[in-house]
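Note sheet for the following structure.
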Amino acid sequence: MAATDWQPARLRATRALTPDIRLFEIEPSEIEQASPGAPAPPGSHLGVAVMIGERPDTRSYSLLDSGADGLYRIAVKRLPDSRGGSAYMHGLEPGARLSISGPRNHFGLTPGRPGYLLVAGGIGITPLHAMALALHRAGAPFHLLYAARTPQDLALADDLRARIGERLRTFTDEEGGRIDLAAAIADLPPGGEAYLCGPLGMMEAGRRAWAEAGRPAQGLRFETFGTGGRHAAEAFTVRIPRLSREIVVPRHQTMLEALEAAGVGMIHDCRRGECGLCTVKILDTDGTVDHRDVFFSDAQKATNAQLCTCVSRVVGGGITIDTADRAG
Amino acid sequence: MTDAKGFPLNAWYAAAWDHEIGRALTPRRICDKDVVLYRRTDGAVAALEDACWHRLLPLSLGHLKGDQVMCGYHGLVFDASGRCTFMPAQETINPSACVRAFPAVERYRLIWLWMGDPALADPDLVPDFHWNSDAPWVGEGGTFYGLKCNYRLVIDNLMDLTHETYVHAGSIGDDAITRSPFEVTHTDTCVTVERWMENIEPPPFWARNLGKPGHVDRWQIIRFEAPTVVAGDVGVALAGTGARQGDRSQGVNGFFLAAITPETATSCHYFWNFVRSWRTDDEELTKSLNRAHVNDGKGVYDQDHDVLEAQQRAIDRQPRQPFYNLNIDAGALWAHRLIDGMMAKEGRAPSKNDPAKATPSVGIAAE
């Protein structure tokens, strides 16, 4: 994201949507408002400058609607395992000055398809909320399946139901509801597309069901958070025999960040487990590798030959790796 | 914030003649966007942003694999909706990987592209250009690709035919044009300039095609449909035979057709045609009319071409010099207002580069 892209903004209002999800209404500065009303396409995200302790960083949050009224709305879940972005956001008071970039879109909705399946898990509702509203406005055939742990975790669901009615179906673990992905995909007409955003397990199940249905890979669109994995994050040790190094990755830091902080030269770009630039070779592990990326195929993950250091972690032990460094 | 491009995006723009787009990858710059056009195996036209998602190499330098485009650099493949379907050296596809696809409609012998929000691309909004394809109208036109002037200058040219007297003297130009009154009317989407020249000596072009001696009643009814299509109903009939009242049987009637598409802020593509309803089987006449419009720099449209490019060069040299408007500019000014209204609806201000929008300097500017 270009550095020149940042612009000042103000937090106009916040509202609790669930015990741990807050809605943020962000108003770009007056100067930039001279050109209002250019709506952001559904799937767009906003870059927000955050402070993690003393260190400035950036986070991306999906927009809940087109922002045609000149306001950007995002919803942020406070995550116990977060690297600090959600805690910073939840500490903000209305009136706070922000620095924002975008909106940008890497999760574009194709218009004119014969049918759409939207699947949201937890806070993954945010981009799909914007898509559902856009599809509803366009009169397009779609269904939104939305799963969360408990009924009170279904942020935005009541409001959505009021707007899109029966097209929304909700599922909660507490009530024993589960999304039948295979059935939902089977109901989708040929040429239809599916859009997924949610925890890794749901995304993997979606990808598997999509492939098993014989659908073309490009018809399944998904967005990753690059955070949640199959296991809760914990600290682990990385050994690099070639460099004679042993580095501890704390619970709230990524392996990539820890390696860089320790002075190991790394190449990376997306930090979402998509591009594959930050991968390292796994020499040995006495724990379980929690692959959280979407770069490697399931088959590749099963061989445990490599991992994406920007998102993936190790639980229950440490890992021995090799990096690209051949100096000396 | 001023938008430097100066054109609406939520509109259908002519991008190519239907016969120009086949199984070759055809690059074209439309509204400051590089686009690659091609025809799918089912005959439908696809239009993608002409830049690979990965390293921006124009996809038009790659090649077609069935209905998909393979980048000529690293082999990334994109389908007609812009989705990446193949990535080199990995078993998965990056979920962000796609290029923009532009809605395309084939109608009235042209390929029309929608450059704005694809969700708003309603084929019913394609401008009315039916004279270009429907009987009884017959004609063969052409395109000035990359005409070096802002598209609005072409609209101005067509919305005021006073210029015919001077630019096209000896063919369709006539003093009667500058003498006759005209009426300008408009709706929310169209502007019409109507001028009747009654009981006049026909100019050479019309005298030849009417093929009958004597005075004529001549008409020019020019219809602009925002943002960039002009259809001009023109002709002559023997004087006093009721053409103005609706009976054109004693005359000859044609339409000049223009679909103008911004290429950049200072260049455009000008799709033109002249269609007629007389001697429609006469292919020689069709050819000669085409030549009359473009003829190695000597046709009527060649004359316009030279004026328009010279005008843009003058504007570029004197960007702060305002245009002064006359009575005869009413049609053009209404056209500009409709275009600006479309842009305002998109939340975009009209361009500083629009000569008609330049603020006249009054008095002495404070230095």
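By convention in this document, chain letters (A, B, ...) are assigned in the order of the sequence lines, proteins followed by strands, and residues within each chain are numbered from 1. Model, not experiment: these values are computed from the prediction.
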Pairs of heavy atoms under 4.5 Å with chain A: top-ranked of B:Met87, B:Glu91, B:Gln90: B:Glu91

Measure distances from B:Ala101 to the heavy atoms of chain A and classify the residue's part below 4.5 Å as side chain, backbone, both or neither. neither

Taking 4.0 angstrom as the limit, do A:Arg137 and A:Asp65 come out as a salt bridge? no

Test item: side-chain donor near acceptor, B:Asp50 and B:Ser60, under 3.5 Å: yes

Per the ring pair (Phe, Tyr, Trp, His ring centres under 6.0 Å) rule, which among B:Tyr108, B:Trp114, B:Trp112 passes with B:Trp12? B:Trp114

Mind checking whether B:His19 and B:Trp17 have parallel, tilted or perpendicular rings, split at 30° and 60°? parallel

By a 4.5 Å heavy-atom criterion (distance strictly below it), what part of A:Arg207 contacts chain B: side chain, backbone, both, or neither? side chain

Per-residue contact mode, A:Leu220 against chain B (heavy atom under 4.5 angstrom): neither

Side chain from CB out, backbone as N, CA, C, O: work out which of these in A:Phe107 comes under 4.5 Å of a heavy atom of chain B, or both, or neither. neither

Is the B:His54 ring parallel, tilted or perpendicular to the B:His74 ring (thresholds 30°, 60°)? perpendicular

